[in-house]
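Notes follow once the structure below has been shown.
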Amino acid sequence: RQTGPQTAIDLGHSLNDRSSLGMGMANSRELEDQRQLSVYGRYSLTQDWALSAETLSRDPSGLLQLRDLRIGVQRRF
């Protein structure tokens, strides 16, 4: 199966040494109605532990509708 070209933009910003926010958008030219917009963040609780969250919209208009929300805990080994 061949896939067409894809355009992606990913912007991230560190708010301080413990937290960051970002936004990304991907659009496939093969399927014009497939556009994904995501907003994500990370907050470090300690040097080894962090909380993360991401929401993803698969709406063709690219509007964020909070259909998928992921919350996670990360540990550095």
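Remember, it's a predicted structure, so these values are computed and weren't measured experimentally.
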Shortest non-hydrogen contact from Leu21 to Gly41?
->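 Scanning both residues completely, I find the closest heavy atoms to be CD2-CA, 4.0 Å.
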[X] side chain near [Y] side chain, heavy-atom distance below 4.5 Å:
| X | Y | answer |
| --- | --- | --- |
| Glu54 | Leu69 | no |
| Met23 | Leu37 | yes |
| Ser44 | Arg42 | yes |
| Leu45 | Leu51 | yes |

Would you indicate whether Arg75, at its atom CZ, is surrounded by more than 12 heavy atoms from other residues, nucleotides or ligands within a distance under 6.0 Å?
->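 Buried by this count: over 12 neighbours within 6.0 Å.
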Same hydrophobic cluster for Met25 and Val39, using side-chain heavy-atom links shorter than 4.5 Å among ILVMFWY?
->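 Yes; tracing contacts between hydrophobic side chains, which count when under 4.5 Å, links both residues.
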In terms of hydrophobic clusters joined by side-chain contacts under 4.5 Å, are Trp49 and Tyr43 together?
-> yes
Begin from the C-alpha positions of Asp10 and Tyr40 and carry the test side chain to side chain donor-acceptor pair (under 3.5 Å) through to its verdict.
-> CA-CA 11 Å; Asp10 191 20; Tyr40 51 89; 2.4 Å; yes
